[in-house]
Peer 1: 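Got a structure for you, written out below as structure tokens; questions coming shortly.
Order of the sequence lines fixes the chain letters, A, B, ..., with proteins taken first and strands second; residue numbering starts at 1 for each chain.
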Amino acid sequence: MEHPRPDRLHLLGHDPATRRRDPHGHARGGRSDGGRRRGRGLRRGPRRAHQHRGPALTGLPFITQQPQRTESDTVTDAPVDSRPVRVRMAPSPTGSPHVGLVRTALYNWAFARHHGGTFVFRIEDTDTARNTEESYDSIIELMRWLGLDWDEGPEVGGPHAPYRQSERGDLYADALDKLRASSFTYDCYCNNDEVDARRKASGSKVMGYDGFCRELSDAQVAAFVGEGRKPIVRFRMPDGSVSWDDLVRGEITFETEFVPDYALCRANGDPLYTLVNPIDDALMEITHVLRGEDLLSSTPRQVALYDALIELGITDFTPRFGHLPYVMGEGNKKLSKRDPQAHALAYRDNGFLPEGLLNYLALLGWAIAADRDVFSLSEMVDAFEIGDVNANPARFDLKKCEAINASQMRLLSVEDMTHRALPFLKAAGVVGDPVHDADAQLLELAMPLIAERINKLTEAPDMLGFLFADEDGFEVDPTDAEKLLDDAGKEVVRAALDALADLHPWSTDAIQTALQTALIDGLGLKPRTAFGAVRVAVTGRRISPPLFESMELLGHDRSIGRLRRALG
RNA sequence: GCCCCCGUCGUCUAGCGGCCUAGGACGUCGCCCUCUCACGGCGGUAACGCCGGUUCAAAUCCGGUCGGGGGUACCA
């Protein structure tokens with residue numbers, strides 16, 4: 001307002017007619033580059049050959065190849081591709097964290113680790129109306145559970161602290177002041193109704209702000225102020241087009257006539273996402289922005305804003321952008337927070353391994369190899385290339401997620417699985433907390449029986465409960481009892497009792513031989529019927545670990561006791 | 001409406017002009033193993049949205065079309 005407003009393009013030394021908006025030197029407005037070399041940066045291969053005619057630059061962490069600029073392009077931003085990689089995850093703490101967030105976090109993390117870069121964690125909590133501390137806590141908890149460690153961020157600090165936007169107000173105010181003092185922005189006094197009315201009257205196809213306040217005279221400003229209007233600050237979108245070489249989609253171009261001037265803050269001065277997100281990325285020197293495809297359409301605004309930030313000396317380069325596909329739910333809708341499958345922490349509570357969830361989520365848009373889909377995090381780090389990420393949305397399939405989790409369970413040692421199952425066993429009351437020595441010993445013997453047959457940790461208490469239950473607390477599943485401990489079943493149990501009462505030694509083999517002789521050979525029963533009845537009597541369930549081993553662990557007296565008890 | 005993104009089995013994907021009568025995984029179906037459950041093993045099922053063009057050759061490149069999704073805020 002009080003500052004002079006040099007023509008922005010003039011200020012940049014550009015000819016308005018030829019100014020290209022793309023910071024990486026791509027041909028303006030076109031997808032075809034006529035065979036020119038271009039800054040393909042970290043993209044791996046010519047995935048879409050029509051978009052990438054340059055030589056394949058295979059996965060080098062720091063590509064120094066510089067896109068060529070035209071003579072009119074004098075912006076001196078440093079080459080982002082020659083900088084050490086810095087990526088970030090920037091969730092808003094609203095509600096319970098979503099599996100889509102986990103996938104985004106994972107790709108960012110894997111990208112950082114693959115390139116030996118820095119993974120920054122930042123909390124975007126500027127929307128005080130929607131943010132909650134619970135949500136913040138659960139995001140932290142989630143990241144810790146997953147093992148996606150961050151190098152800078154909440155709880156760990158770092159050179160760009162603080163990492164919660166709610167504590168960075170001064171930084172935004174400062175940036176906003178600088179922006180406002182330039183011609184990159186202007187104060188806007190319009191209200192929504194006025195904008196709508198003008199849009200309607202003009203019959204424009206483009207929605208959004210129409211630039212009415214772009215060139216207000218001092219008298220007009222005085223009049224608005226006189227009415228008591230408070231301005232917001234709008235970013236002045238440049239003429240022409242904005243394009244960038246998207247890390248997962250190739251070159252994307254927007255004509256800026258379809259990208260209206262946008263608000264950077266509220267009338268009360270509160271900064272908006274449109275400002276704080278790029279400001280933080282700039283201040284934190286983020287080199288690669290990997291985020292959901294829902295932000296795709298706000299990218300031309302950010303790219304344009306970056307030009308301004310560079311000009312104002314707030315940063316000296318524009319990051320590369322990569323837009324990750326959605327994680328979809330049932331039907332063709334984005335997996336909604338309403339969907340129980342969406343809640344990331346629920347997978348922990350339901351007995352999934354972090355390895356399982358992460359492995360599955362990695363598969364939603366990326367593949368480690370043509371014929372493999374079970375892998376470790378470190379294998380992923382070795383292999384992960386952002387250019388290999390698929391651009392098309394993926395549907396979340398719980399069945400496959402469970403199958404991948406099961407595969408990861410198979411990879412655990414029995415000791416490890418015991419360790420991981422322990423919280424679930426404690427929570428179910430199967431073992432005490434702390435665990436008694438006797439229980440710990442029993443557990444050590446029992447886990448091998450189930451380690452190969454459970455697909456989630458929550459199955460451990462179900463399978464092992466009978467072993468740890470004292471005889472007063474031991475219960476038989478009523479449905480299973482009704483089915484298998486009918487009169488015929490009780491006959492079987494009686495025969496088993498006779499065969500086992502004086503059995504010595506009490507070993508798996510001896511038990512098996514004794515029962516086989518008495519029930520299969522003696523009574524001529526089918527193994528299924530014979531052992532089924534005994535199983536329910538001894539373990540309380542139709543489904544259990546292997547019967548003879550289970551009985552050995554249970555011991556002679558308790559086994560016999562349960563057989564007696566089944567007879568009523 | 002306008003802008004942008006996306007389009008290979010039911011689902012996730014491999015595919016980078018000839019290795020493709022399109023590979024793997026999950027699901028599903030059948031069989032084997034078997035004391036239940038699970039694991040494991042074997043086999044079957046099933047896809048390049050459509051139309052043009054380029055090429056000796058197209059799932060792959062180009063154009064169009066249709067379909068799906070997202071955006072179009074003083075939300076993020």
Peer 1: What's the closest nucleotide to the A:Leu296 side chain, out of B:rG1, B:rC75, B:rC5?
Peer 2: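 Among the listed nucleotides, the one closest to the side chain of A:Leu296 is B:rC5.
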Peer 1: When we call it a touch if two heavy atoms are under 4.0 Å apart, what does A:Ser92 touch: a base, just sugar-phosphate, or nothing?
Peer 2: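 If one applies the 4.0 Å heavy-atom cut-off, A:Ser92 turns out to touch the sugar-phosphate alone, with no base involved.
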Peer 1: Base, sugar-phosphate alone, or nothing: which one does A:Leu547 contact when heavy atoms must sit under 4.0 Å apart?
Peer 2: base
Peer 1: Looking only at side-chain atoms of A:Phe531, point me to the closest of B:rC12, B:rC35, B:rG27.
Peer 2: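 Out of B:rC12, B:rC35, B:rG27, the nucleotide with an atom closest to A:Phe531's side chain is B:rC35.
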Peer 1: What distance, rounded to whole Å, do you find between the two P atoms, one in B:rC61 and one in B:rU8?
Peer 2: 13 Å
Peer 1: Quick one: label A:Phe258 by what it contacts on the DNA or RNA (base, sugar-phosphate, nothing), any heavy atom closer than 4.0 Å.
Peer 2: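 Sugar-phosphate, backbone atoms only, no base.
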Peer 1: Applying the Watson-Crick and G-U wobble criteria at under 3.5 Å, what pairs with B:rC26? Answer none if nothing qualifies.
Peer 2: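 Paired with B:rG10.
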Peer 1: Provide, to the nearest angstrom, the distance between the CG atom belonging to A:Leu357 and the P atom belonging to B:rC12.
Peer 2: 18 Å
Peer 1: Pick base, sugar-phosphate or nothing for A:Leu272, based on heavy-atom distances below 4.0 Å to the nucleic acid.
Peer 2: sugar-phosphate
Peer 1: Using 4.0 Å as the upper bound for N to carboxylate O, is an ion pair formed by A:Glu293 and A:Arg249?
Peer 2: yes
Peer 1: Quick one about A:Glu552 and A:Thr508 (side-chain donor to acceptor, distance below 3.5 Å, no hydrogens or angles considered), yes or no?
Peer 2: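 Side-chain D/A pair, A:Thr508 to A:Glu552: present.
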Peer 1: On a whole-Å scale, what distance lies between the C1' atoms belonging to B:rC32 and B:rA38?
Peer 2: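 It comes out at 16 Å once rounded to the nearest Å.
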Peer 1: Answer yes or no: is there an ion pair linking A:Arg122 with A:Glu167, defined by an N-O contact shorter than 4.0 Å?
Peer 2: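 Answer for the salt bridge query: no.
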Peer 1: How is A:Asn455 classified with respect to the nucleic acid when contacts are heavy atoms under 4.0 Å: base, sugar-phosphate, or nothing?
Peer 2: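 Sugar-phosphate, no base atom in range.
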Peer 1: I'd like the C1' distance from B:rC33 over to B:rC16, given in whole Å.
Peer 2: 43 Å
Peer 1: Both A:Phe254 and A:Pro271 contact RNA chain B. Which one's nearest nucleotide lies toward the 5' end?
Peer 2: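 Per heavy-atom nearest nucleotide, the more 5' residue is A:Phe254.
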Peer 1: Give me the ring orientation class for A:Trp366 and A:Phe384: parallel if the planes are under 30° apart, tilted from 30 to 60°, perpendicular past 60°.
Peer 2: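 Correct class here is tilted.
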Peer 1: Tell me: CG of A:Asp371 to P of B:rA14, nearest whole Å?
Peer 2: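 Those two atoms, CG and P, are 13 Å apart.
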Peer 1: Does the pair A:Glu491/A:Arg494 count as a salt bridge with the N-to-O cut at 4.0 Å?
Peer 2: yes
Peer 1: OP1 or OP2 of B:rA14 sitting under 4.0 Å from any side-chain N/O of A:Asn390?
Peer 2: yes
Peer 1: Roughly how many Å apart are B:rU34 and B:rC29, using the P atom of each and rounding to a whole number?
Peer 2: 23 Å
Peer 1: Is there a side-chain polar atom (N or O) of A:Arg528 under 4.0 Å from OP1 or OP2 of B:rC35?
Peer 2: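 For A:Arg528, the contact criterion (side-chain N or O under 4.0 Å from OP1 or OP2 of B:rC35) is not met.
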Peer 1: Considering only B:rC6, B:rC2, B:rC12, which nucleotide approaches the side chain of A:Lys205 most closely?
Peer 2: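 In terms of side-chain proximity for A:Lys205, the closest of B:rC6, B:rC2, B:rC12 is B:rC2.
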Peer 1: When only distance counts, do a donor and an acceptor, one from the side chain of A:Arg395 and one from the base of B:rU13, lie under 3.5 Å apart?
Peer 2: no
Peer 1: Which whole number of Å gives the distance between the C1' atom of B:rC48 and that of B:rA58?
Peer 2: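 My reading of the C1' atoms in B:rC48 and B:rA58 gives 11 Å.
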Peer 1: From CZ of A:Phe375 over to P of B:rA14, roughly how many Å is that when rounded to an integer?
Peer 2: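 It works out to 12 Å between those atoms.
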Peer 1: Look at A:Arg229 together with A:Glu194 and state whether they make a salt bridge at an N to O cut-off of under 4.0 Å.
Peer 2: yes
Peer 1: What does A:Gln165 touch in the nucleic acid at a heavy-atom separation under 4.0 angstrom: a base, only the sugar-phosphate, or nothing?
Peer 2: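 It contacts nothing in the nucleic acid.
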Peer 1: Checking contacts here: which listed nucleotide (B:rA76, B:rC6, B:rC26) is nearest the side-chain heavy atoms of A:Lys400?
Peer 2: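 Minimum distance to the A:Lys400 side chain belongs to B:rC26.
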Peer 1: Return no unless some side-chain N or O of A:Arg410 is found under 4.0 Å from OP1 or OP2 of B:rG40.
Peer 2: no
Peer 1: May I ask you to say what A:Arg234 touches in the nucleic acid, namely base, sugar-phosphate or nothing, with a heavy-atom cut-off under 4.0 Å?
Peer 2: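 Sugar-phosphate: the residue A:Arg234, judged by heavy atoms under 4.0 Å, touches backbone atoms but no base.
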Peer 1: Rounded to whole angstrom units, what separation is found between the CD1 atom of A:Ile404 and the P atom of B:rU13?
Peer 2: 13 Å
Peer 1: Which base, if any, makes a Watson-Crick or G-U wobble pair with B:rU72, both distances under 3.5 Å?
Peer 2: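 For B:rU72, the partner nucleotide comes out as B:rG1, under the 3.5 Å rule.
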Peer 1: Whether A:Glu379 and A:Arg372 form a salt bridge (side-chain N of Lys/Arg under 4.0 Å from carboxylate O of Asp/Glu) is what I want to check.
Peer 2: yes
Peer 1: Where the side chain of A:Asn392 is defined as all heavy atoms beyond and including C-beta, which of B:rA14, B:rU8, B:rA76 is the nearest nucleotide?
Peer 2: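 So the side chain of A:Asn392 is nearest to B:rU8.
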Peer 1: For the side chain of A:Asn192, starting at C-beta, report the closest nucleotide among B:rU11, B:rG27, B:rC74.
Peer 2: B:rC74
Peer 1: Considering Watson-Crick and G-U wobble pairs with both distances under 3.5 Å, what does B:rG49 pair with?
Peer 2: B:rU65
Peer 1: Rounding to the closest angstrom, what is the interatomic distance between B:rG17 and B:rG24 at atom C1'?
Peer 2: 23 Å
Peer 1: Pick base, sugar-phosphate or nothing for A:Ala263, based on heavy-atom distances below 4.0 Å to the nucleic acid.
Peer 2: sugar-phosphate
Peer 1: Which whole number of Å gives the distance between the C1' atom of B:rC75 and that of B:rA25?
Peer 2: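 Each nucleotide's C1' atom is 39 Å from the other's.
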Peer 1: Heavy atoms under 4.0 Å, any strand shown: does A:Leu515 hit a base, just sugar-phosphate, or nothing?
Peer 2: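 Here A:Leu515 touches no strand at all.
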Peer 1: Between A:Arg130 and A:Asp125, is the closest basic N to carboxylate O distance under 4.0 Å?
Peer 2: no
Peer 1: Under 4.0 angstrom, heavy atoms only, what part of the nucleic acid is A:Tyr360 near: base, sugar-phosphate, or nothing?
Peer 2: nothing
Peer 1: I'd like to know if A:Asp210 and A:Arg198 make a salt bridge, using a cut-off of under 4.0 Å between side-chain N and carboxylate O.
Peer 2: yes
Peer 1: Could you state the CZ-P distance from A:Arg372 to B:rC26, rounded to the nearest angstrom?
Peer 2: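 Computing the A:Arg372:CZ to B:rC26:P distance gives 14 Å.
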Peer 1: When all nucleic acid strands are considered with a 4.0 Å heavy-atom cut-off, which category describes A:Arg542: base, sugar-phosphate, or nothing?
Peer 2: base
Peer 1: Among the candidates B:rC6, B:rG70, B:rC4, find the nucleotide nearest to the side-chain atoms of A:Ala391.
Peer 2: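 The closest nucleotide is B:rC6.
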Peer 1: With a non-hydrogen cut-off below 4.0 angstrom, is A:Pro325 in contact with a base, only sugar-phosphate, or nothing?
Peer 2: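 No contact.
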Peer 1: B:rA76, OP1 or OP2 - any side-chain N/O from A:Asn131 closer than 4.0 Å?
Peer 2: no
Peer 1: Could you work out which one of B:rU36, B:rC37, B:rG24 sits closest to the side chain of A:Arg535?
Peer 2: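 Nearest to the side-chain atoms of A:Arg535, counting from C-beta on, is B:rU36.
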Peer 1: Find which nucleotide of RNA chain B each of A:Asp294 and A:Leu363 is nearest to by heavy atoms, and output the residue with the more 5' nucleotide.
Peer 2: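 Residue closer to the 5' terminus by nearest nucleotide: A:Leu363.
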Peer 1: Using the C1' atoms only, state how far B:rC3 lies from B:rC19, rounded to an integer number of Å.
Peer 2: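 These two C1' atoms come out 42 Å apart once rounded.
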Peer 1: By nearest atom, which of the nucleotides B:rC6, B:rC4, B:rU36 is closest to the A:Pro546 side chain?
Peer 2: B:rU36
Peer 1: Rounded to whole angstroms, how far apart are CG on A:Asn359 and P on B:rU13?
Peer 2: 14 Å
Peer 1: If you look at every strand shown and take non-hydrogen atoms under 4.0 Å, does A:Gly532 touch a base, only sugar-phosphate, or nothing?
Peer 2: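 Contact class for A:Gly532: none.
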Peer 1: Output the rounded distance in Å from CG (A:Leu275) to P (B:rC74).
Peer 2: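 Atom CG in A:Leu275 sits about 14 Å away from atom P in B:rC74.
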Peer 1: Has the side chain of A:Arg453 got a donor or acceptor that lies under 3.5 Å from a partner of the other kind on the base of B:rC37?
Peer 2: yes
Peer 1: Rounding to a whole Å, what distance do you find between A:Asp261:CG and B:rA73:P?
Peer 2: 13 Å
Peer 1: Counting only Watson-Crick pairs (N1-N3 plus N6-O4 or O6-N4) and G-U wobbles (N1-O2, O6-N3), all under 3.5 Å, who is the partner of B:rG18?
Peer 2: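 In the structure as shown, B:rG18 has B:rC56 as its Watson-Crick or wobble partner.
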Peer 1: Heavy atoms under 4.0 Å, any strand shown: does A:Arg541 hit a base, just sugar-phosphate, or nothing?
Peer 2: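 Nothing: the residue A:Arg541, judged by heavy atoms under 4.0 Å, touches no strand.
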Peer 1: Which of the following nucleotides, B:rA76, B:rA14, B:rG24, is nearest to the side chain of A:Leu295?
Peer 2: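 Nearest to the side-chain atoms of A:Leu295, counting from C-beta on, is B:rA76.
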Peer 1: Whether A:Asp416 and A:Arg420 form a salt bridge (side-chain N of Lys/Arg under 4.0 Å from carboxylate O of Asp/Glu) is what I want to check.
Peer 2: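 A salt bridge links A:Arg420 with A:Asp416.
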